[in-house]
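Contents: one structure, followed by commentary.
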Amino acid sequence: MEDARHCAKALRMRPGDAIRLTDGRGTLADAALVAVTPSDCVADIIERQEVAPRRIRLHLAVAP
């Protein structure tokens, strides 16, 4: 719900806007928003692709 509110209020996304989605496991999808409200966003997936995992892992450490 926080993501939907951010999409609607902060980013001011509207139906028809293009977005890119990921599941965090290598699937990327191009989509178009169908409905946008502060409590819910609905999108139609236009194209989906699988991305091979990278062989290099990056770790970043920040000292306070």
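Worth saying up front: this structure is predicted, and the values here are computed from it rather than measured.
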The reported gap from CD1 in Ile19 to CG in Asp44 (rounded to nearest 0.5 angstrom) is 10.0 Å

task = Decide whether Ile46 and Val42 are clustered together by the hydrophobic rule: side chain heavy atoms of Ile, Leu, Val, Met, Phe, Trp, Tyr closer than 4.5 Å, transitively.
result = no

Would you say Leu11 ends up clustered with Leu33 if hydrophobic residues are merged whenever their side chains have heavy atoms under 4.5 Å apart, either directly or through other cluster members? yes

How close do [X] and [Y] get, heavy atom to heavy atom, and via which atoms?
X     : Y     : result
Val36 : Cys41 : CG1-SG, 4.0 Å
Ala4  : Asp40 : CB-N, 3.6 Å
Arg12 : Lys9  : CG-O, 3.5 Å
Pro15 : Ala35 : CG-CA, 4.3 Å

| said: Quick check on Gln49: does its CD atom have over 12 non-hydrogen neighbours (other residues, nucleotides or ligands) under 6.0 Å away? | reply: yes

Side chain to side chain donor-acceptor pair (under 3.5 Å) pairs touching residues 18-32, sequence neighbours excluded, are Arg20-Asp30, Asp23-Thr27, Thr27-Glu50

Below 3.5 Å, can you tabulate the donor-acceptor pairs from side chains in residues 55-64 to any protein atom, sequence neighbours excluded?
none

